[in-house]
Amino acid sequence: MIGRALNRVDGPSKVTGRATYAYEQWEAGAPLYGVVVGATIGKGRITRIDTASAERAPGVRMVMTHLNAPAQGSRDAPAPFEFWRAQPVLTGPDVHHHGEAVALVVATAFEQARAAAGLVHVDYADGRGRFDFAAHQAEAYVPKEVNAGLPTDTAVGDFAAGFDSAPVKIDQRYTTPYEFSMPMEPHACLAVPRGEDLVVHVSCQIVDAARASIAGTLGIDPARVHIVSPFVGGGFGSKLGIHCETVLAALAARALRRPVKVALTRQQVFQLVGMRPTSSQRVRLGAERDGRLTAIAHDVTMHTNPAVEYAEQTAATTRSLYAAPHRSTSHRLTPLDLPRGADVRAPGEAPGLLAVESAMDELADALGMDPVELRIRNEPAVDPERGVPYSDRHLVECLREGARRFGWEHRPAAVASAREGRWLIGHGMSAAIRGHFQTPTAVRVRLDADGTAVVRTDMTDLGTGTYTILTQVAADGLGLPPERVRTELGRSEFPRSWGSGGSWGATNSGTATDRACAALRAKLLDAARADARSPLYGLDPADALFAEGRVRVGGVSEALSDLVLRHHPEGLEAVGATPFMGDDPNYTAYSIHTYGAHFAEVGVDADTAEIRLRRMLGVFSVGRVLNPKTARSQLIGGMIWGVGAALEEEAVVDPRTGAFVGRDLAHYLVPVHADIPDVDAVILDGYDAKANALGAKGVGELGICGAGAAVANAVYNATGVRVRDFPVTLEKVLPGLPLLDS
């Protein structure tokens with residue numbers, strides 16, 4: 001079953017509306033509704049808050065502010081990782097950023113709560129906020145480490161000397177804007193009190209983190225908190241940890257002894273869940289005239305919230321990508337009074353590769369060299385910074401196969417040289433790399449006496465296909481058809497995992513499932529070999545094959561259901577687990593990544609500078625593919641996101657108030673169907689034995705890595721205009737368009 005393009009097993013539930021999300025749960029009866037009131041200043045203090053009118057409004061049951069909110073745990077309390085920390089809200093009069101929650105109004109009906117929220121009157125003393133990234137970059141400091149525990153800075157060789165002596169140099173600065181995850185399902189929660197316990201239906205990516213964070217915030221035993229999150233409508237990093245809507249729903253439910261629902265509006269998502277930090281990236285490349293890099297440096301400055309530090313690992317993408325004897329990377333943080341930075345799909349690689357792969361295109365242009373050949377010429381033999389071998393690296397194959405399939409040989413050799421009617425035509429490409437991570441994950445697989453299997457883990461499915469993948473792995477491991485496997489996810493009572501994030505979900509939970517199935521097979525074979533009633537009595541289990549619901553050794557077989565019924569009539573179960581990557585020697589001995597190559601063709605209107613993607617191809621190496629249909633969907637989704645990062649996505653801060661100017665999907669643009677005509681993803685056959693027993697690696701974020709740079713490079717090829725301030729929009733291209741005869 002592994003490797004088959006199985007349709008989603010949860011597909012019928014979703015298309016018929018039977019897959020219920022956090023805000024759609026009704027099992028606890030009619031809930032109360034909460035609406036969050038946000039601060040209208042970017043920095044300062046609440047001097048007076050008047051809730052009297054709101055409290056008198058029809059249906060209102062509670063107005064919670066910092067004056068009456070229950071005591072909560074501290075963010076500084078010990079926690080294994082950031083997402084497991086307490087997240088207290090309404091703890092004092094200080095306002096740290098625009099839109100921060102200052103009150104929660106709870107009423108019988110949502111409309112009543114929303115109307116009453118408008119009656120909460122707040123007076124503020126404005127503080128002097130820092131909102132302008134460009135104006136405060138001189139205040140940047142050095143963090144102790146960056147995201148994922150990676151080192152802040154690295155240095156190999158003597159970059160300054162290597163760069164100074166290089167005959168060909170590129171020294172450019174690239175900027176990327178604030179960006180948001182924007183999952184289809186807004187952040188929402190239903191909190192249901194049950195005695196001293198609390199059942200929390202929440203849209204989250206890591207169930208165990210949500211449980212620990214809620215318990216730490218409320219100051220109760222985590223065993224009293226029961227998380228239910230079977231279906232999640234997208235997360236992309238924004239639901240790795242919980243946010244204020246969850247804490248406020250829990251506080252209100254415990255205070256009122258009633259179920260309480262709270263969902264953020266789309267506008268509130270821009271202020272309350274964090275975003276990809278804006279960045280200023282200096283990339284320096286020094287090369288010989290034959291294109292071989294002698295020096296490479298990537299220095300990044302980005303925003304951070306003063307109270308909650310977040311350092312995206314943006315320069316880390318450069319550490320393993322290309323060979324060069326002299327190397328340097330660094331990260332610096334500029335504190336601003338804005339919402340916290342947060343993981344957004346492919347943190348680090350997505351913005352980092354926009355800069356590095358644009359710079360590589362500039363180097364190819366300066367050398368007069370084909371951009372594909374330049375990258376192949378700088379392929380490293382070992383990880384250039386760690387000095388260890390790669391576990392399984394096929395970047396060159398991705399580049400060559402992509403160039404062949406795309407027809408790269410027809411690329412316009414000179415910029416602004418190809419035209420179809422009023423459209424200037426350009427081709428661009430880029431390389432992709434993404435680290436592969438392993439996190440602690442446990443899965444329990446149970447075989448019942450009727451020969452059916454049940455897979456349970458608190459792992460979540462964000463729409464990525466986890467239900468299907470684990471069904472396939474269990475069916476393969478036990479020799480069952482997929483319809484005899486049931487997968488149950490997203491409950492804190494199930495074995496713990498690190499959920500969905502970092503592209504680790506499918507491979508970690510799949511590996512744990514495979515190990516649980518191996519343990520079940522061993523138990524069944526031991527029982528059969530020692531049982532004189534079994535046709536398999538005394539046979540060598542090394543030759544056993546589990547298939548079609550039977551256990552077969554040579555020409556003898558027995559039904560799996562008969563084995564279970566005879567030896568384990570109450571059912572048989574086993575737990576499989578994966579360790580943290582720091583405890584797996586492979587992750588020390590090898591450099592483990594996924595790879596890809598993007599190719600894009602764009603048209604640019606010669607008069608208006610309107611940019612249209614015409615076609616796009618990605619070729620990827622991700623080890624063994626568990627399900628080619630879901631993998632391709634993930635990769636294409638990432639590629640489309642990369643197009644948005646290149647051409648559309650940009651959250652703009654008002655430097656006077658700290659508010660985001662466009663706070664909805666009418667102003668924060670993301671690609672729609674009309675923007676994406678022809679996109680294809682091809683996956684090379686592979687197997688990475690060092691990554692895990694399945695040989696599979698994550699695909700969820702690789703598709704976005706480098707995709708935007710391919711599009712931006714295509715715009716340059718079409719027009720001769722190099723835009724280094726992303727996104728590439730028509731007002732940045734128009735002034736430099738060549739004057740062409742009509």
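In this structure the side chain of Phe131 never reaches within 4.5 angstrom of the side chain of Asp654, judged on heavy atoms. Side-chain contact between Glu648 and Pro727 is absent, with no heavy-atom pair separated by less than 4.5 Å. Within the 4.5 Å cutoff, side-chain heavy atoms of Met302 are placed close to those of His331. A 4.5 Å side-chain heavy-atom check between Arg722 and Asn713 finds at least one atom pair inside the cut-off. With contacts defined as side-chain heavy-atom distances shorter than 4.5 Å, the pair His66/Ile49 qualifies. Side-chain contact check for Ile46 versus Tyr124: some heavy-atom pair is nearer than 4.5 Å. In this structure, Val721 and Val715 have side chains that are not in contact, with every pair of non-hydrogen atoms separated by 4.5 Å or more. Counting only heavy atoms from C-beta outward, the side chains of Val89 and Leu248 approach each other to under 4.5 Å.
The local environment of NE2 in His667 is sparse, with at most 12 non-hydrogen atoms from other residues, nucleotides or ligands closer than 6.0 Å.
Looking at Thr51, its side chain never comes within 3.5 Å of a backbone N or O of Ala54 through a donor-acceptor pair. The closest donor-acceptor contact from the side chain of Thr329 to the backbone of Ala315 lies at 3.5 Å or more, if one exists at all. A donor-acceptor contact shorter than 3.5 Å is absent between the side chain of Ser500 and the backbone of Gly505. The backbone N or O of Arg85 lies less than 3.5 Å from a partner atom in the side chain of Ser213, making a donor-acceptor pair. In terms of modelled atom types and a separation under 3.5 Å, the side chain of Gln268 and the main chain of Val36 share a donor-acceptor contact. The backbone N or O of Leu67 lies less than 3.5 Å from a partner atom in the side chain of Thr65, making a donor-acceptor pair.
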Leu730/Val733 under side-chain contact (heavy atoms from CB on, under 4.5 Å): CA gap, chis, key distance, verdict: CA-CA 5 Å; Leu730 61 87; Val733 176; 5.6 Å; no
Would Lys14 and Phe231 count as a side-chain contact (heavy atoms from CB on, under 4.5 Å) here? Give the steps. CA-CA 9 Å; Lys14 288 185 173 179; Phe231 297 101; 3.8 Å; yes
Dump the intermediate steps for side chain to side chain donor-acceptor pair (under 3.5 Å) on Glu245 and Tyr23, then the final yes or no. CA-CA 12 Å; Glu245 82 288 340; Tyr23 202 73; over 6 Å; no
Before giving the answer on side chain to side chain donor-acceptor pair (under 3.5 Å), spell out for Thr175 and Asp725 the whole-Å C-alpha distance, their side-chain angles and the decisive distance to 0.1 Å. CA-CA 5 Å; Thr175 59; Asp725 177 26; 2.5 Å; yes
Would Tyr716 and Val728 count as a side-chain contact (heavy atoms from CB on, under 4.5 Å) if you check the C-alpha gap in whole Å, the side-chain angles of each, and the deciding distance to 0.1 Å? CA-CA 10 Å; Tyr716 172 75; Val728 181; over 6 Å; no
Phe110 and Val35: CA distance, side-chain angles, deciding distance, side-chain contact (heavy atoms from CB on, under 4.5 Å) verdict: CA-CA 8 Å; Phe110 169 73; Val35 169; 3.8 Å; yes
Criterion side chain to side chain donor-acceptor pair (under 3.5 Å) on Glu701 and Ser503, from CA distance to verdict: CA-CA 6 Å; Glu701 292 164 290; Ser503 298; 2.7 Å; yes
Apply side chain to side chain donor-acceptor pair (under 3.5 Å) to residues Ser280 and Thr301 and explain how you reach the verdict. CA-CA 5 Å; Ser280 174; Thr301 303; 5.7 Å; no
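Ion pairing of Glu82 with Arg75 is present here, as a side-chain N (NZ or NE/NH1/NH2) and a carboxylate O approach within less than 4.0 Å.
Using modelled atom types, one finds a donor on one side chain and an acceptor on the other under 3.5 Å when comparing His136 with Glu139. No hydrogens or angles considered: a donor-acceptor pair under 3.5 Å links the side chains of Gln25 and Thr20.
Taking each heavy atom of Leu462 and Gly235 in turn, the nearest pair found is CD1-N, 4.4 Å. When all heavy atoms of Leu90 and Ala101 are compared, the pair lying nearest together is CD2-O, 3.5 Å. Between His598 and Ala710, the shortest heavy-atom distance links the atoms CB-CB, 3.7 Å. Looking at every heavy atom in both residues, Pro306 comes nearest to Asp337 through CG-OD1, 3.9 Å. Residues Met275 and Leu338 come closest through the heavy atom pair CE-CB, 4.3 Å. Considering all non-hydrogen atoms of both residues, Glu357 and Ala431 come closest at OE1-N, 2.6 Å.
Scored by the side chain to side chain donor-acceptor pair (under 3.5 Å) test, Ser358 finds no partners at all (sequence neighbours excluded). The ring-ring contact (aromatic ring centres under 6.0 Å, His included) check on His201 picks up nothing, with sequence neighbours excluded. The side chain to side chain donor-acceptor pair (under 3.5 Å) check on Ser238 picks up His187, with sequence neighbours excluded. Scanning for side chain to side chain donor-acceptor pair (under 3.5 Å) contacts around Ser330 gives Asp299, with sequence neighbours left out. Listed by chain and residue number, Arg612 satisfy the side chain to side chain donor-acceptor pair (under 3.5 Å) test with Glu610 (two or more places apart in sequence, or in another chain).
Rounded to the nearest 0.5 angstrom, His98 NE2 and Arg663 CZ are separated by 6.5 Å. Separating the NZ atom in Lys43 from the CZ atom in Arg128 is a distance of 12.5 Å, to the nearest 0.5 Å. Interatomic distance, CG of Leu665 versus CZ of Arg266, reported as 5.0 Å (0.5 Å rounding). Considering CG of Asp126 and OG1 of Thr657, their distance stands at 10.0 Å, rounded to 0.5 Å. If you take CG on Asn717 and CG on Asp361, they are separated by 8.0 Å, rounding to the nearest 0.5 Å. With rounding to the nearest 0.5 angstrom, the CD1 atom of Ile704 is 9.5 Å from the CZ atom of Phe236.
A salt bridge (Lys or Arg N to Asp or Glu O under 4.0 Å) with Glu312 is found for exactly one of Arg276, Arg332, Arg340, namely Arg276. For the pairing with Gln281, the side chain to side chain donor-acceptor pair (under 3.5 Å) check across Arg173, Gln172, Arg724, His298 returns one residue only, His298.
Ring centers of His303 and Tyr178: under 6.0 Å apart, within the cut-off.
Aromatic ring orientation, Tyr668 versus Phe180: perpendicular (interplanar angle above 60°, classes split at 30° and 60°).
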Considering only distance and modelled atom types, tabulate donor-acceptor pairs under 3.5 Å from the side chains of residues 600-607, sequence neighbours left out.
from, atom 1, to, atom 2, distance (Å)
Glu601, OE1, His427, NE2, 2.9
Glu601, OE1, Arg615, NE, 2.9
Glu601, OE1, Arg615, NH2, 3.2
Glu601, OE2, Arg614, NE, 2.6
Glu601, OE2, Arg614, NH2, 3.4
Asp605, OD1, Asp607, N, 2.8
Asp605, OD1, Thr608, N, 3.0
Asp605, OD1, Thr608, OG1, 3.4
Asp605, OD2, Arg422, NE, 2.2
Asp605, OD2, Arg422, NH2, 3.2

